[in-house]
Every structure is written in C-alpha cells, then in structure tokens.
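Residue numbers start from 1 in every chain, and the chains themselves are labelled A, B, ... in the order their sequence lines are given, proteins ahead of strands.
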Amino acid sequence: MAVNVSIPKGTRDFSPAEMIRRKYIFQTVEDVFRLYGYLPIETPAMENLSTLTGKYGEEGDRLIFKILNSGNYLEGISVEDIQNSSTAKLAARMCEKALRYDLTVPFARYVVQNRNEITFPFKRYQIQPVWRADRPQKGRYREFYQCDVDVIGSNSLLNEVELIQIIDAVFQQLGLNITIKLNNRKILSGIAEVIGAPDKVLDIAIALDKADKIGWENVDKELENKGISRESRTLLYDIFDYGERSGLSIVSNAPPAPDRIALSNLKNTLKDSNIGCQGINEIYKIINFLNDINPVLDCKVEFDPTLARGLNYYTGAIFEVKANDVAMGSICGGGRYDDLTGIFGLPDVSGVGVSFGADRIYDVMNELELFPENAAISTKILFTNHGENEIMYALEAIKEIRRAGISAELFPDNIPLKKQLSYANKRKIPYVALGGSIEMSEKCFTFKEMNVTKNDNTPNDPKKTLLEIIALLKK
RNA sequence: GAGGACGUAGCUCAGCUGGUUAGAGCAUCAGAUUGUGGUUCUGAGGGUCGUGGGUUCGAGCCCCAUUUUCCUCCCCA
C-alpha cells in the first residue's frame, strides 16, 4: 500500500507539457552554443568531495550535498572524534563523494585530467543538473539545470565579448528582455587596495552587491562587522559618491546608479593600484569591442561596479543577467577564472564562461507566457482499433505514414470508439483515421479532423485513401 | 542556519462567536448516443479536515507540539 508518496524537498517532477517547454529552452541554448563552435561534454553527477570543497566560499561548502560512504561509513571513527571534530571534518571522513554544486569546477577537473587529449583553447558546453542544499523558495530549487559555456586556455578578451554575444543571442531567440551587467574582479581588488583593505575584497564585494537591496546604511553595518576601518569605509563611499566626504553619514538609500561613477572617474581613483588599472583596461577593451559590433546586439550591457558574484574562483570579468520584466534572481551568470585548474595541478590556464539557469528561465518565460503554443502536439494521426482483423490494415497504413516522417499511432485496445476518440481529443491529436470492415472493403479510411466543430451528430466525415491522407498530413 | 505564512475531495478553494450527516467549481467515471470526441443534459464515486496530543457535553474552527509547502534573510541559476 502506497502511503504518503512524495519527492525530496526542493525537487520536482516534470509533466509532458512541462518537458516540452523545458526541451525548447535546452534546444535553443544548445543550438546557439553549437553555432559559436562549442562542443558538448558530460561529467558524473557525483565528484570526489575534495574536488568540490573550498571552491565556492564558506557558504557554498555548507550547501554541498554529501554522499554517505557505502558500507560501514563509521569505520575508524571513535566517540571522541564525534565529540571533538567539527561537522565538516566528520563529513569529510564519512563522505568521499558529493553531488556536483555547479558545472565549472567539474569542468576544471575534467580539463586537468584530460589535458593531453584536449586541444586548447577548448570550447565546451555542458547541460546537466546540479544540486544545492539550499532552502527552496521562489526561483530556487535543490535540483536544477545549468547550461554552461566555457572557453579555457585563452586569455583573450575576445572570449568575453563572444560570451556576451551568446547571451544576447540565446535570450533574443527565447524572446526575453534582459540586461547584462558587467564588472571585473580586478576593479573590486583595486578598490579594496585603494581604501586600504586589500585583504577584504570578497567581503567588500559581497556587501557592495547588496547595496541596492538592503541600502547603504546596512552595507555600512555589515562592513563594520567584517572589521573594515572607518577610514576605509569613508574612502569607499567617496568612490561611489555616497555619503558626505566629511564622514560616514549616508545620505541616500537609493540604488547606486552606475552611470554616476563614470568609468573615467574610477580610472582616476584607481590610478595607484596596479590591479585596479588592469581591471579598468579590460572593461574598456570589452566595451570598445562591443561598441564596434553594437548593431548586432539586442540587449542592454551595463557596467556595474557594485556587481560582485559570491563564487570564490572568479578573478577577472564577471557577468550577471537579469530579466527586465520579471522579479527574479539572476537567470545567467559567470566570469573569468585564472587559476581554477591550478588548484588541481595545472597552472596558467585561464578560462571564462557563463551559466544559464534553465529553471529560472523557464519560470520567467512562463510568467510572461513566452512559450510557443503548438509545441505540445506530438502524434499527428491516431488510427482507431476495430479488432483482430482490422489491426493489420491499420498497421500497414501507419508504417507508410511514419515512413513519410509523420508521427502516427494505433490505439492498442479494441474498446468503444467513443473512448478512443476521447483519447485522441485529450492527447490533442489533430487527426483520426477509422479503418473498420467497411473501409477495408473500400480500401480507404474515414478521415476525421478533430478540431472541426460540428453541431449535428451525424457522422459525415469523408473517406480518403492512404495516399490522400499522407498528402494532406504533409502540408 | 534565522524569521513569517499556510495545510479541508485528484486540483482551486468555501466552511459564521465551537453545535446535527463537512460543501462548491473544475477534474474523473457512467448514462442520454451499441461506429463518432470536444459542446449540452442527467447521475455517481471520491474526505481519519497534514500528523500527534490537549481543552470541551461537543473541535475543520480554540491551545500545545510536530511536519509539509510557500515566502523573506543569508547565498545563488
């Protein structure tokens, strides 16, 4: 007796109707990736836990789904260990494996492991699910698909430009209105350096990122808690032109307007920071490239110096994509990582890539009703079942129809015609062919168009030969 | 990990200050129509009111605990 069947928190089943729509997204994304010369790979759902830990920041590590060792996972663990060790340390001993948290780190591992077979620069895409032990809420799932495109083994900023073009092409084809936000980790490092807190880049970045959400006053509190001095904070707000130059008082909770901090101002501010200047130059180059091909682009690209991204491994350009017409977290994000393969023993291989969040894109498109209507039609014609003698007659016809590339099916059971037609109606099958003894003797089928509304009940559907039907369906 | 809301038929929800046998729409199934669906009409099935305890003569409703889902924070796709 099945009681209380359910699926784990944050996971979902997908109905045929939903899958048709999801496949439409995957197909669109994949077609664009292929068009730009990227090739597919897949990696296992699980990685060694040690491959994943330490790549996503403290918060990220906590959200990795760990897999308990098979067999006696308590082997070699004493009562004292349990009492004295941290949960993280214990988990590392009881769990050798974990579910992948994103596709970028497994990709870096793949590149290192297969370095001799790979031709660099290596352009790959990967569309697979990832898992995060997050608390589910709107647009947030514990199992979701990422569609990653990365190019590894090339320092050229042309790759960044290409990724922006890919993002633009994907969302243009899906009919989504988006804005690409652009920043550079080196600029953030430069800022941290200039204000005298070079070791706090990540804290500063994450706090800045929240400015438009929680307001500058709360950003200030957060930075204070992270141990950033009053002087440093004052300098920081001066850069972003918030607060009065004399002190810490914040004048506005309004979201930061990137255009207020002109790139040229920032360049001047960061002139004493080597790394900061590099970041500024990179942004300039990307923007210049983009200006040259501008007519090709459909979406808005914005420089936003407060954009951070929490993932630890980014070192250069960072991207984030937001839907313009729907309140939803980022639907696509990524950046450049200079040393991700270095962690696995292959230094000096820089990569850059972005990840499309298929599930969030689905939610946004659903909300905006952007899915094409006729995507649900699968079987084009149903042959009704009239018993033993008539089955072969129908199957012969179906064989020919399928040979013509048209999807057809025979109803498997000889039940009242009424029910067979009801099935066709529910399946939204547009045509039905009846082949009973009468039709057999006349070498034809009664051909029924399901979307035709009839007021009278008289069965006056036309009879057609197989050739006539095929010709009609091919239109 | 912190905070908030919710849970009544397969789905969406009513259900009065606690009072007899817990309702509606949609969906399902059957019949009207034995070779004609969708539309229409008629009828039927379907509930341990999330779970466990408590208060009460009496609980879907009040109290406590627990759990689920949803939402917010943290963080992210």
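Partners of A:Thr104 by side-chain contact (heavy atoms from CB on, under 4.5 Å), not counting sequence neighbours, listed by chain and number: A:Asp102, A:Asp148, A:Asp150, A:Tyr313, A:Tyr337, A:Leu340. Under the rule for a ring-ring contact (aromatic ring centres under 6.0 Å, His included), the partners of A:Phe411 that lie at least two apart in sequence or sit in another chain are A:Tyr423. Listed by chain and residue number, A:Tyr145 satisfy the ring-ring contact (aromatic ring centres under 6.0 Å, His included) test with A:Phe26 (two or more places apart in sequence, or in another chain). Partners of A:Lys443 by salt bridge (charged side-chain N to carboxylate O under 4.0 Å, His left out), not counting sequence neighbours: none found. In this structure A:Leu410 satisfies the side-chain contact (heavy atoms from CB on, under 4.5 Å) test together with A:Phe383, A:Ile391, A:Ala394, A:Leu395, A:Ile398, sequence neighbours excluded. Listed by chain and number, the residues in a ring-ring contact (aromatic ring centres under 6.0 Å, His included) with A:Phe371 are A:Tyr362 (sequence neighbours excluded). For the ring-ring contact (aromatic ring centres under 6.0 Å, His included) test, no residue two or more places apart in sequence or in another chain qualifies with A:Tyr38.
Within a 6.0 Å radius of CZ in A:Phe14, other residues, nucleotides and ligands contribute more than 12 heavy atoms.
Phosphate contact (OP1/OP2 of B:rA30, side-chain N/O of A:Lys419, threshold under 4.0 Å): present.
Evaluation of the salt bridge (Lys or Arg N to Asp or Glu O under 4.0 Å) test over residues 312-334 of chain A, restricted to residues two or more places apart or in two chains, returns A:Arg309-A:Glu320.
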Atom pairs under 3.5 Å, N or O on each side, protein against nucleotides 72-74 of chain B: can you list them with distances?
residue: B:rU72; atom: OP2; partner: A:Gln137; partner atom: OE1; Å: 3.1
residue: B:rC74; atom: N4; partner: A:Arg140; partner atom: NH1; Å: 2.3

(request) Could you summarise the pairing of RNA chain B as dot-bracket text, marking Watson-Crick and G-U pairs under 3.5 Å with ( ) or [ ] inside the strand and | across strands? (result) (((((.(..((((.....[...)))).(((((.......))))).....(((((..]....)))))).)))))....
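Of the residues in residues 324-331 of chain A, those placing a heavy atom less than 4.0 Å from an atom of RNA chain B are A:Ser330, A:Ile331, in numerical order. Of all the residues in residues 467-475 of chain A, not one reaches under 4.0 Å from RNA chain B with any non-hydrogen atom.
Residue A:Lys418 places no side-chain atom within donor-acceptor reach of the base of B:rU36, judged by atom type and a 3.5 Å distance cut-off alone.
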